[in-house]
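Okay, structure first, notes after.
Here is how names work: the chains are called A, B, and so on, in the same order as the sequence lines, proteins then strands, and each is numbered from 1.
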Amino acid sequence: MNDSERRRLVTRNTAEVVTDEELDDLLENDPTIYVGYAPTGEMHIGHFTTIRKLADFLRADLDVTVLIADLHAHLDDEKSPFELLDERTAYYREAIEGMVAAAGADPTEIEFVEGREFELDADYSLELLRMAADTTISRVQRAGSEVVRQSENPKLGGLIYPLMQTLDIDALDADIAYGGIDQRGIYMLSRELFADRGDEPPVCVFAPLLAGLSGGKMSASDATSKVNLTDDADTVAEKLQGAYCPQGEVEDNGVLEYMDYLVFPILDERGESFEIERPDEYGGDLVYESYDELEDDFVSGELHPQDLKNAAAEYVSSVIAPVRERIDTDRLATAYPEKYE
RNA sequence: CCGCCCUUAGCUCAGCCUGGUAGAGCAGCCGACUGUAGAUCGGCUUGUCCCCCGUUCAAUUCGGGGAGGGCGGACCA
């Protein structure tokens with residue numbers, strides 16, 4: 001595989017790369033890339049869009065490491081109780097493997113690591129303390145503001161969080177730090193801290209974040225604003241039916257984003273097209289080979305939101321189906337006892 | 001260790017002084033209107049009033065204790 005093809009695989013469907021030049025340099029060798037997920041709430045379709053890209057990284061022949069950041073899950077305002085860390089870690093790993101497989105790659109090629117395996121090592125702890133001694137509260141707060149839960153009475157844990165994430169890059173020997181664009185603040189701080197220590201800063205690749213179905217940002221607490229990986233076909237249809245989707249508008253349109261970032265990339269991989277059934281009175285069925293064609297028709301008014309929603313629900317459901325089937329519901333229940341009695 | 005303040009609907013809070021089991025805004029849900037959703041209009045729901053004990057016919061309200069949280073003081077050897 002030549003460099004430009006690798007580059008295309010690594011960067012397609014991303015929100016930002018910092019920096020392009022540094023990435024090019026790395027791709028001349030065999031770079032390692034890592035992404036971390038804190039096993040907090042149930043995984044949803046937003047995770048799928050970032051995880052789907054891991055398949056691209058594997059195809060580009062990168063060394064992919066996935067960190068299940070168990071300590072981070074607890075450190076961030078105790079989103080996960082300490083006692084549930086093991087169960088949630090197991091659930092996250094299983095779900096992530098399912099998503100990678102659903103994206104057409106082999107999950108066994110990924111190296112999975114858990115935070116407690118190395119974040120408690122003496123040298124890691126020492127570096128953490130040295131970093132804490134040298135970093136102001138406001139800088140860390142600002143870096144983590146998009147990721148760490150904000151509250152009136154923030155815990156110390158939320159300040160340690162970005163520092164540990166920075167040390168993880170080093171500890172896992174990652175040349176590239178990958179994550180959602182919400183991670184940008186933390187990784188930009190990481191790059192500065194690396195430079196301060198005289199180390200080579202990581203290249204950062206950011207995935208776009210899916211908008212919420214109710215318009216605006218996706219909210220973890222608003223169940224109707226996102227599709228869960230365990231949602232069945234009817235639930236998916238119900239949620240998409242209720243989605244904010246103004247005719248002809250692309251802005252804040254969650255339904256279109258689902259198509260762009262999730263459905264079309266996967267259809268692409270399978271070599272399938274997007275087919276919309278439409279009553280004759282409205283013009284009959286439609287077929288799209290690419291997202292751009294679909295967006296054009298939507299903007300022009302040729303494609304009505306209701307017809308899009310109907311088809312979108314089916315495709316979204318079919319895309320998450322393999323993940324849904326792979327998730328062990330008993331494990332899910334023990335990982336979230338307050339939700340599944 | 002000491003002092004002061006806070007804890008009421010999913011969220012932000014009012015009510016408590018002058019006891020009679022509670023309200024607003026937002027959110028949410030339903031209906032109307034659009035071939036979707038939203039916006040708009042109409043309607044509706046929601047509560048161990050942090051816990052325990054006491055006073056009282058009656059406590060969210062008064063008294064005592066406790067828990068959780070916040071702020072300040074003291075200490076700076």
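- As rounded to the nearest Å, B:C50 and B:A67 have C1' atoms that lie 8 Å from one another.
- The distance from atom CD of A:Gln241 to atom P of B:G38 is 10 Å, rounded to the nearest whole Å.
- For the P atoms, the distance from B:U61 to B:G54 is 14 Å, rounded to whole Å.
- Taking the side chain as every heavy atom from C-beta outward, A:Thr135 and A:Leu159 never approach each other to under 4.5 Å.
- Using atom P as the reference point in both B:C44 and B:G63, the two lie 38 Å apart (nearest Å).
- Rounded to a whole Å, the CG atom of A:Asp77 is 12 Å from the P atom of B:G69.
- At whole-Å resolution of the value, NE2 in A:His304 and C1' in B:A37 are 10 Å apart.
- For the side chain to side chain contact (heavy atoms under 4.5 Å, CB included) with A:Val236, the lone residue among A:Ile45, A:Val319, A:Val227 that qualifies is A:Val227.
- Remark: C1' of B:A37 and OH of A:Tyr244 are 9 Å apart, rounded to the nearest angstrom.
- Annotation: side chain of A:Arg191 is not in contact with side chain of A:Ile169 (no heavy-atom distance under 4.5 Å).
- At the heavy-atom level, A:Asp307 lies under 4.0 Å from base atoms of the strands shown.
- Of all non-hydrogen atoms in A:Thr14 and A:Val17, the two that sit nearest each other are OG1-CG2, 4.1 Å.
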Problem set entry | Base-pair map of RNA chain B as dot-bracket, where | denotes pairing with a different strand and pairs are Watson-Crick or G-U under 3.5 Å | (((((((..((((......[..)))).(((((.......))))).....(((((..]....))))))))))))....
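- Going from the P atom of B:U48 to that of B:U12 covers 15 Å, rounded to whole Å.
- Residue A:Tyr178 forms a ring pair (Phe, Tyr, Trp, His ring centres under 6.0 Å) with just one option from A:Phe57, A:Tyr187, A:Phe206, and that option is A:Phe57.
- Look at the C1' atom in both B:A32 and B:U46: the space between them is 24 Å, to the nearest Å.
- Side-chain atoms of A:Glu114 and A:Thr89 form no donor-acceptor pair, as typed in the model, at a separation below 3.5 Å.
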For this session: Would you check, one step at a time, whether the test side-chain hydrogen bond (donor to acceptor under 3.5 Å, both in side chains) holds for A:Gln183 with A:Glu146?
Result: CA-CA 7 Å; A:Gln183 304 292 318; A:Glu146 281 293 311; over 6 Å; no
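- Rounded to a whole Å, the CD atom of A:Glu152 is 13 Å from the C1' atom of B:C13.
- Residue A:Gln247 is classed as a base contact, given a heavy-atom separation below 4.0 Å to a base.
- Remark: the separation of the P atoms in B:U56 and B:C16 is 25 Å, to the nearest Å.
- Ring-plane geometry between A:Phe274 and A:Tyr315 is classed as tilted, the angle between the planes lying from 30 to 60 degrees on a 0 to 90 degree scale.
- The distance between atom CG of A:Leu156 and atom P of B:G70, rounded to the nearest whole Å, is 12 Å.
- Nucleotides B:G66 and B:C76, compared at atom C1', are 33 Å apart to the nearest Å.
- Distances from the side chain of A:Gln306 to the nucleotides B:G35, B:A37, B:G69 place B:G35 closest.
- If you measure from atom CG of A:Asn153 to atom P of B:G69, you get 10 Å, rounded to the nearest angstrom.
- Nucleotides B:G23 and B:A9 are separated by 14 Å at their P atoms, to the nearest Å.
- Atom CD in A:Glu238 sits about 11 Å away from atom P in B:C29, given to the nearest Å.
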